[in-house]
Amino acid sequence: MIEGHGDDCYKFSNEIKINFSSNIYNHAEQRELYDHLSHKLPLIHSYPPPIPYELENKIADDANIDSKEVSVTNGATEAIYLIAQLFANKCSTILEPTFSEYADACRLHHHKIEFIYRLDENARLGNLVWICNPNNPTGEVFDKDLLIRIISKNPKTYFVIDQSYENFTLKPLLSEKEAIAFDNLILIHSMTKQFAIPGLRVGYISANRNIVHEFTLHKMPWSVNVIAIEAAKYLIENKNRYRMDIALIMIERERVHDRLKEIYGVVPWNSDTNFMLVQLSSGNSSSLKEYLVKEHSMLIRDASNFHGLDSHFFRIAVQSAEENNQLIKAIEEWMSLY
């Protein structure tokens with residue numbers, strides 16, 4: 001789905017003033033990061049390390065695991081495609097609705113794909129199970145104990161749990177330390193989301209060292225550029241200065257949910273994260289998106305192309321209270337036209 005993701009500001013020149021379409025909080029203060037990277041620009045005249053071992057060491061130390069239990073990738077998406085390649089020609093089970101790249105990566109590597117719509121301890125599963133947790137686009141966080149029971153109960157099935165949005169929820173999730181105790185679990189992590197740097201593609205997997213070793217055999221050298229590596233190293237070293245107040249963001253998300261719920265014909269879904277899925281009873285999300293761009297310079301995520309959803313769904317990530325109020329008012333205006 002190369003052209004079908006959110007955050008497609010590039011399609012609208014400089015029209016977008018408020019971006020709700022990406023599941024990122026847009027108000028992170030990054031001036032010190034900019035200054036740090038400005039001093040690293042001469043590094044672009046040399047190749048980065050083929051494998052970013054120094055960054056992997058920093059991630060491992062921060063998570064209190066061994067560096068052989070971490071592999072850095074060019075964003076979480078590279079990790080998804082490499083995992084699909086590692087398990088080429090297998091049967092994958094995907095918990096839907098969810099991020100489309102799981103299915104796209106599986107098709108590319110000739111998986112047989114089965115879709116499920118709820119977690120069930122007794123469900124028949126394929127060789128590989130893909131779970132987004134917190135889930136995109138619904139914002140749902142699956143019960144940690146349930147996940148552990150299912151993983152433990154199916155030792156011959158590999159579980160890929162994409163925790164790209166792990167820093168945007170207050171609910172308990174699996175840690176890197178917990179993941180390495182399983183022989184059949186891979187966690188995907190995204191520094192892109194954590195530090196609001198989507199233009200710098202940095203992600204990683206954590207798993208036991210046998211899985212990481214096999215995974216690394218499929219990686220291209222130099223897949224992570226030197227500026228991304230330097231940014232990631234700096235952010236890990238200074239992560240406490242970039243820590244979001246997720247509790248306050250959750251309070252604002254709940255307020256936005258309740259305000260949207262008051263608009264006739266607008267049904268926001270419950271969410272455990274900073275973003276939420278919204279369903280329309282009339283009109284369609286593509287028309288709403290077009291209206292918000294043209295009339296208010298705002299961008300939302302048309303969610304109609306998620307498997308299992310239709311043209312009545314869109315997704316937003318909450319921003320500042322003032323910006324959220326502008327969005328709510330604009331949606332009210334658009335709904336009054338129907």
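Every heavy atom of this structure was used, including side-chain atoms; hydrogens, water molecules and symmetry mates were not. Computed from a predicted model, the values in this text were never measured in an experiment. If you read the sequence from its start, that first residue is 1, and numbering goes on from there.
For Arg107 and Asp104, the salt-bridge test passes: some basic side-chain N is under 4.0 Å from an acidic carboxylate O. Salt bridge status for Arg124 with Glu114: absent, with no side-chain N to carboxylate O gap under 4.0 Å. Lys171 and Asp272 are joined by a salt bridge, as a carboxylate oxygen and a charged side-chain nitrogen come within less than 4.0 angstrom of each other. Using a cut-off of 4.0 Å between Lys/Arg side-chain N and Asp/Glu carboxylate O, Arg31 and Glu29 are scored as salt-bridged. Residues Glu290 and Lys294 are paired through a salt bridge, judged by an N-O separation under 4.0 Å between the basic side chain and the carboxylate. Taking 4.0 Å as the cut-off between side-chain N and carboxylate O, Glu332 and Lys329 do not count as a salt-bridged pair. A salt bridge does not link Glu78 to Arg201: none of the charged side-chain nitrogens sits closer than 4.0 Å to a carboxylate oxygen. Salt bridge present: Asp62 and Lys239 bring a charged side-chain N and a carboxylate O closer than 4.0 Å.
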Show which side-chain atoms of residues 209-220 pair as donor or acceptor with protein atoms under 3.5 Å away, not counting sequence neighbours.
residue, atom, partner, partner atom, Å
Thr216, OG1, Val212, O, 2.7
Lys219, NZ, Ser71, OG, 3.1
Lys219, NZ, Val72, O, 2.5

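Other members of the cluster containing Leu125 are Leu95, Ile116, Leu119, Val129, Ile131, Phe142, Leu146, Leu147, Ile148, Ile150, Ile151, Phe159, Ile161, Leu174, Phe182, Leu185, Leu187, with ILVMFWY side chains joined at under 4.5 Å, either directly or via other members. Grouped by direct or indirect side-chain proximity (heavy atoms under 4.5 Å, Ile/Leu/Val/Met/Phe/Trp/Tyr only), Tyr47 sits with Trp222.
Here the rule is side chain to side chain contact (heavy atoms under 4.5 Å, CB included) with Asp162, and of Ile205, Asn133, Ile80 only Ile80 fits it. For the side chain to side chain contact (heavy atoms under 4.5 Å, CB included) test with Met298, the passing option among Leu292, Asn19, Ile16, Val293 is Leu292; the others fail.
Ring to ring, Phe168 and Tyr25 are not that close: their centroids are 6.0 angstrom or more apart.
At a cut-off of 3.5 Å, with distance as the only test, a side-chain donor of Asn57 or Ser67 sits close to an acceptor on the other residue.
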